[in-house]
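Have a look at the structure below, then the notes.
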Amino acid sequence: MLILVTGGAGFIGSQIVTALTGAGHAVRVLDALLPAAHQSAPPIPEGVDWRHADVRDADAVGEALRGVDAVCHQAAMVGLGKDFADAPDYVGCNDLGTAVLLAGMAEARVRRLVLAGSMVVYGEGRYACSRHGVVRPGPREVACLEAGRFEPPCPRCGEPLTPGLVDEEAPADPRNVYAVTKLAQEHLAAAWARATGGRAVALRYHNVYGPGMPRDTPYAGVASLFRSALARGEAPRVFEDGGQRRDFVHVRDVADANRAALDGLEAGPVAGGVRAYNVGSGEPHTVGEMAAALAASYGGPEPVVTGEFRLGDVRHITASSRRLRDELGWRARVGFEEGMTEFAAAPLRAGGVRSDAVAHAR
């Protein structure tokens with residue numbers, strides 16, 4: 001197959017390109033190389049068809065789709081950002097960009113899509129109350145966060161909750177602008193699939209980390225922020241009390257999930273729909289544990305737990321990846337300790353930090 005990878009020069013996208021070429025696919029890359037993610041053009045693997053263009057450029061997208069069998073859509077602005085002033089950039093990159101791409105796919109009669117989704121569409125994860133069973137707590141109150149009460153209580157009785165694994169059937173509850181745009185991307189893909197008879201998969205990534213993450217940018221994930229601090233000789237600053245539960249999944253495992261999803265589009269999902277899959281390691285860890293493991297492997301200063309918080313952050317979000325394992329035969333291969341040890345020594349991607357630039361490559 002000839003596969004178009006949007007954002008294919010970025011952190012996750014470049015690993016997907018490597019996985020696809022290694023599996024014998026022909027690959028074409030479309031990437032804007034915007035400064036928040038790139039200071040210079042990265043090396044392009046031999047044999048890859050390179051297109052330097054923005055996914056919002058309909059003409060460039062149309063040219064890039066010529067002869068393509070499937071699209072792996074990674075181009076996006078990622079992370080929680082700095083404040084709500086980022087909202088137009090998020091919507092423009094993520095939702096307008098996806099709409100332009102899907103319109104081009106409809107015109108070019110490209111009927112297979114793998115979309116880079118995110119676990120942020122769930123909001124808070126799955127919680128159980130000893131009295132009321134599974135419940136869905138609302139956004140945490142500022143007064144509680146300021147007082148250091150970070151755990152969401154049962155919305156019915158106020159008692160403590162037990163976090164668990166969320167599956168793909170859980171209702172969406174996006175809590176910030178980035179999350180809203182990621183959910184909108186899935187809805188756009190569903191509308192495209194219904195209108196064209198296309199087949200689509202949405203891979204809901206968990207906290208992706210690994211070699212090549214962008215450094216020193218407010219749009220990076222928490223693993224990159226901690227690794228960047230260590231590279232500067234500073235202690236990682238852990239928000240809240242460090243007890244937030246996440247699933248840290250290695251970028252090579254995420255790339256392999258994309259390969260498996262593209263292969264799976266040959267037989268399913270059902271035409272005219274979108275099939276969602278969680279992509280996680282299956283090994284939940286707290287943010288504090290991740291910071292400590294990374295600092296120990298790097299040999300840098302121990303993390304500092306600050307008690308700070310960000311509105312829009314959720315307390316716990318870990319999900320089951322059983323559907324992806326059962327239906328597509330994928331499983332995570334890089335363990336937590338192995339991955340953190342490698343990440344501590346791996347180079348990061350140099351990216352600029354500009355208020356008028358957005359991270360268009362994942």
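Residues: numbered from 1 along the sequence shown.
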Between [Y] and [X], is there a side-chain heavy-atom distance shorter than 4.5 Å?
X: Arg245; Y: Ile317; value: no
X: Asp253; Y: Arg333; value: yes
X: Arg111; Y: Arg109; value: yes
X: Met290; Y: Arg246; value: no
X: Pro174; Y: Val120; value: no
X: Val71; Y: Leu65; value: yes

Test item: side-chain donor near acceptor, Tyr122 and Asn278, under 3.5 Å
yes
Looking only at side-chain N and O atoms, does Asp247 offer a donor or acceptor that is under 3.5 Å from a partner on Ser281?
yes
Can you give me the closest heavy-atom contact between Arg136 and Asp173, atom names plus distance?
NH2-CB, 3.3 Å
Step-by-step salt bridge (charged side-chain N to carboxylate O under 4.0 Å, His left out) determination, Asp241 to Arg315:
CA-CA 10 Å; Asp241 60 359; Arg315 180 60 175 176; 2.8 Å; yes
Check step by step if side-chain contact (heavy atoms from CB on, under 4.5 Å) holds for Val238 and Val304.
CA-CA 6 Å; Val238 179; Val304 175; over 6 Å; no
Applying side-chain contact (heavy atoms from CB on, under 4.5 Å) to Ala19 and not counting sequence neighbours gives Ala255
For Val287 and Val222, run side-chain contact (heavy atoms from CB on, under 4.5 Å): C-alpha distance rounded to whole Å, both residues' side-chain angles, the deciding distance at 0.1 Å, then the answer.
CA-CA 8 Å; Val287 172; Val222 66; 4.3 Å; yes
Salt bridge flag under 4.0 Å for residues Asp256 and Arg252
no
Hey, do the aromatic rings of Phe248 and His206 have their centres closer than 6.0 Å?
no
Does Arg140 form a salt bridge (charged side-chain N to carboxylate O under 4.0 Å, His left out) with Glu240? I'd like the steps, not just the answer.
CA-CA 13 Å; Arg140 296 178 293 172; Glu240 301 187 16; 2.8 Å; yes
Between Tyr209 and His250, does the ring pair (Phe, Tyr, Trp, His ring centres under 6.0 Å) criterion hold? Intermediate values first, please.
CA-CA 5 Å; Tyr209 74 97; His250 196 277; 5.4 Å; yes
Without swapping roles, check the side chain of Asn94 against the backbone of Met77 for a donor-acceptor pair under 3.5 Å.
yes
Report the residues that fulfil side chain to side chain donor-acceptor pair (under 3.5 Å) with [X], sequence neighbours left out, ordered by chain and then residue number.
X: Arg131; result: none
X: Arg194; result: none
X: Asp167; result: none

Only one of Gln74, His73, Arg51 passes side chain to side chain donor-acceptor pair (under 3.5 Å) with Thr6, and that residue is His73
Residues passing the salt bridge (charged side-chain N to carboxylate O under 4.0 Å, His left out) test with Glu169, sequence neighbours excluded, are Arg323
Inter- and intrachain pairs under salt bridge (Lys or Arg N to Asp or Glu O under 4.0 Å), touching residues 281-309, at least two apart
Arg237-Glu308
